[in-house]
Amino acid sequence: MKNQEISGIFNAIADILEIKEENRFRIRAYRRAAFNVSAVTVSLDDLARQGALETIPGVGKDLSDKIREYLTTGKISFYEDLKKEVPPAVLEFMSIQGVGPKTAMLFYSKLGIKSIKELREHAALGEIKDVPGLGEKTIENILRGIEFLEKASKFTLLSDGMRISEAVIRQISLAPGVKKIEVAGSTRRAKETIGDVDILASSVTPEPAMEAFIKMPEVKEVLAHGPTRSSIITAENVQVDLRIVPPGSYGAALAYLTGSKAHNIRLREIAVKKNLKLNEYGIFRNKDNKKIASSTEKEIYEALGLAPVQPEMREDQGEIEAALKHAIPDLVTLKDIRSDLHLHTTASDGSASMEELAEACSKKGYTHIVITDHSQSLKVARGLDPARLKEHLKKIDALNKRIKGLRILKGAEVDILADGSLDYDDSILERFDFVIGSIHTGFKQPKGLLTGRIVTAMKNKYLNMIAHPTGRLLGKREGYEIDIPEILKAARGTNTALEINAYPERLDLSGMNCRLAKDAGVMIGIGTDSHRLGDLDYMTLGVRTARRGWLTRKNVLNTLTLQAFLKKIKK
DNA sequence: GCCGTTTTCGGCCCGACTGTTTTCAGTCG
């Protein structure tokens, strides 16, 4: 998809316009469009064909023309011309944390530096001096910024963000004076990858907590340290920000710090129209600066005439409009989950036995689970051939007789072969209660072929769900090229569910794709794809992803009772 | 450059921290 390319160009245009000190609202318009274009999950080609480019928020006549120009010619002439006005080095400098357009331009124009490498050499040798505005501290920070740029992971997985935030909260909550503390930012929104970790606390005496924060053992570097905000880098190169506000401002601060930025801007715009001002301390009347809401998020939304919006929905992707109409869906929660639909045992490549899994799932309060070991052709994962499978299924029968309160369903994760056929014959498939189909080979096939393979598989009457439908591995591999609308149409037509694979580096389907599935009337099943007992806890990630896709209980197979589940799935 | 139950023109979110500056610009979120 060209969405990311175009988003990148719009951001680059914004950078250049910033250097040129153009109208800041024009710059913001490009940034907003870049953000929204990257969030669109259908291809811009398809949107352009339908004449629907201008339905993307922040894309009007001019930008839709530019998108069409890129789609037909592969270039945007405005951008090509703009690039000639600004040396590439200056744009490169702006990728360093703490270096904005002004400083970047200074390096180039006053010092003639032409690359980050050169910049580092000059800075290290102490050759950047006597330039107005660039003191010793600034140089030091720039060197650190370069180091961070080279070393830091570009993003952090949600699961890591959750782990880090929990560790920080555990420590800071012990500091004297801390009333409330919780994670905010993209981790609270459950974005699949996060930039940094934001923590919010309330206290009337923030100093001890701030002290404790910058002195945590995992702190590698303190980036900023103030009475209300501090930033650190951890040993694993993740930035963590701690913000501390008075207890009375907690709700406003939580809303502010949770974001997203786009969502916040919309809220503040609504406030402005009501002659109010919204910031992290509360909502204030313009006429007398009187605070009218601040202590809870609910108060904030209500003061703006909005229904409260769940954190996972706060992306300015239609939730503001839904909140204005008081039509926020009642999102699925972890408590609604009665089953795990994707589990591996020692029979194939899992490390936990069927008994161990059953016991652990029983403790989670599930009423049923599906054991889904790999099929025969996936040799690397010890896929089950028909003979071993026969014994495996017997074991499930035996275990079902022994245990109470949990039903173990017979399932399999069956490879979808190159021609779209499944890795077991129908005579075998009919013995399962629930069959999951997976693409494990031929990722690089062209879009049409891959889509056709999946559609063919869905037409098999024994196939109940497609596992990790796009095959993405966050940070390692883009999803394979598939035609999502066509997959959804076929899924709907064949009563095949699509999976949210809850593995931290998959979270596939994504929240946005879940929304499309919901709109298309396609059921979603959440599977942890557990290979170890501990993996069962990934269900949280799956549910959070479902919430990002606006899913309610009725969109998710795992919320059904055993009886309703068996009735709902394909026979 | 976008956008409109007060508008097709004239608005466009708001504050913290840093560094080098003596009152504020730059950067970030």
Side-chain angles (χ1 to χ4, degrees), chain A residues 10 13-15 17-19 21-37 53-67 78 93-106 129-142 144-145 184-186 194-200 206 210 222-232 239-245 249 252-253 255-284 286 304-305 316 321 324-325:
Chain A
F10 283 174
I13 290 175
D15 283 344
L17 295 178
E18 243 179 5
I19 292 164
E21 298 185 37
E22 280 258 1
N23 180 320
R24 64 199 175 99
F25 299 110
R26 191 181 178 206
I27 294 163
R28 187 199 295 167
Y30 274 99
R31 297 240 185 261
R32 180 165 140 81
F35 179 84
N36 286 317
V37 163
L53 284 174
E54 290 182 32
T55 60
I56 303 171
V59 174
K61 170 84 177 64
D62 184 274
L63 293 185
S64 65
D65 280 347
K66 290 190 168 70
I67 293 173
F78 173 65
F93 297 152
M94 284 175 69
S95 64
I96 302 167
Q97 207 173 42
V99 176
K102 296 286 190 298
T103 318
M105 203 57 208
L106 220 51
K129 275 187 187 154
D130 309 323
V131 179
L134 292 182
E136 222 170 283
K137 281 272 197 177
T138 307
I139 308 298
E140 218 174 274
N141 285 337
I142 286 163
R144 280 205 303 235
S186 43
I194 60 172
D196 54 16
V197 174
D198 296 295
I199 312 275
L200 174 69
M210 280 302 180
V222 177
L223 293 178
H225 179 205
T228 69
R229 207 196 85 198
S230 296
S231 295
I232 58 110
Q239 184 174 331
V240 183
D241 294 352
L242 174 65
R243 187 84 193 244
I244 304 182
V245 297
S249 301
Y256 158 75
L257 210 60
T258 298
S260 67
K261 187 170 181 169
H263 180 85
N264 284 349
I265 289 176
R266 292 293 306 278
L267 293 186
R268 288 174 176 186
E269 281 170 358
I270 291 171
V272 168
K273 286 190 183 123
K274 291 181 181 290
N275 280 315
L276 300 168
K277 183 179 74 171
L278 170 62
N279 60 29
E280 60 262 54
Y281 299 108
I283 296 187
F284 303 84
N286 282 341
L304 295 173
D316 190 20
E321 289 71 15
L324 279 166
K325 286 186 276 187

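All chains are named by letter (A, B, ...) in the order of the sequence lines, taking the proteins before the strands, and each is independently numbered beginning at 1.
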- Task: Give a yes or no answer on whether the side chain of N36(A) reaches the backbone of P57(A) with a donor-acceptor pair at less than 3.5 Å.
- Result: yes
- Query: Where the side chain of D62(A) is concerned, which of dC17(B), dG1(B), dG29(B) is the nearest nucleotide?
  - Reply: dG1(B)
- Query: Quick one: is dC17(B) close enough that its OP1 or OP2 comes under 4.0 Å of any side-chain N or O from S231(A)?
  - Reply: no
- Message: For a quick check of understanding: with a heavy-atom distance under 4.0 Å over all strands, which category does N141(A) fall into, base, sugar-phosphate or nothing?
- Response: sugar-phosphate
- Item | Closest to side chain of K261(A), choosing from dG19(B), dT27(B), dG29(B) | dG29(B)
- Query: For dA16(B), does OP1 or OP2 lie under 4.0 Å from any side-chain N or O of Y281(A)?
  - Reply: yes
- dT27(B), dA16(B), dT20(B): which one has an atom nearest the side-chain heavy atoms of K137(A)? dT20(B)
- OP1, OP2 of dC13(B) versus side-chain N and O of R28(A): anything below 4.0 Å? yes
- Query: Taking atom C1' in both dG11(B) and dC17(B), what distance in whole Å separates the two?
  - Reply: 29 Å
- Task: State which of dC2(B), dA16(B), dC13(B) makes the closest approach to the side chain of F25(A).
- Result: dC13(B)
- Item | Minimum-distance nucleotide (side-chain atoms of A224(A) versus dT18(B), dG1(B), dT27(B)) | dT18(B)
- Task: Using atom CD1 of I194(A) as one end and atom P of dG29(B) as the other, report the distance to the nearest whole Å.
- Result: 13 Å
- Task: Could you check whether Y30(A) gets within reach of a base, just the sugar-phosphate, or nothing at all, counting any heavy atom under 4.0 Å?
- Result: sugar-phosphate
- E280(A)/R229(A) ion pair, N-O < 4.0 Å: no
- Picking from dG1(B), dC13(B), dG26(B), the nucleotide nearest the side-chain atoms of R268(A) would be dC13(B)
- Integer angstrom distance from the P of dT27(B) to that of dT21(B): 15 Å
- Message: For a quick test of reading the model: is some side-chain N or O of K273(A) closer than 4.0 Å to OP1 or OP2 of dG4(B)?
- Response: no
- Integer-rounded Å distance: dA16(B) C1' and M210(A) CE: 11 Å
- Query: Base, sugar-phosphate, or nothing for I96(A), non-hydrogen atoms under 4.0 angstrom?
  - Reply: sugar-phosphate
- Message: For the C1' atoms, the ones on dC2(B) and on dA16(B), what distance do you get once it is rounded to whole angstrom?
- Response: 29 Å
- Message: Using a heavy-atom cut-off of 4.0 Å across all strands, would you classify S230(A) as base, sugar-phosphate, or nothing?
- Response: nothing
- Taking atom P in both dG1(B) and dT5(B), compute the distance separating them and give it to the nearest angstrom. 23 Å
- Base, sugar-phosphate alone, or nothing: which one does L278(A) contact when heavy atoms must sit under 4.0 Å apart? sugar-phosphate
- Message: Taking the C1' atom in each of dT23(B) and dT18(B), what is the distance between them to the nearest angstrom?
- Response: 15 Å
- Query: What interatomic distance, in whole Å, is found between P of dG4(B) and the corresponding atom of dC13(B)?
  - Reply: 14 Å
- Just how far, in rounded Å, is P of dG19(B) from CD of E140(A)? 9 Å
- R26(A) CZ to dG1(B) P, in whole Å, measures 3 Å
- Message: Apply the syn/anti split at 90° from 0 to dT6(B) and say which one it is.
- Response: anti
- Quick one: look up who dC14(B) pairs with, Watson-Crick or G-U, both distances under 3.5 Å, and put none if it's unpaired. dG29(B)
- Query: Donor-acceptor pair, N264(A) side chain versus Y256(A) backbone, under 3.5 Å?
  - Reply: yes
- Message: Is there, by distance only and without an angle test, a donor paired with an acceptor across the side chain of Y256(A) and the base of dG29(B) below 3.5 Å?
- Response: yes
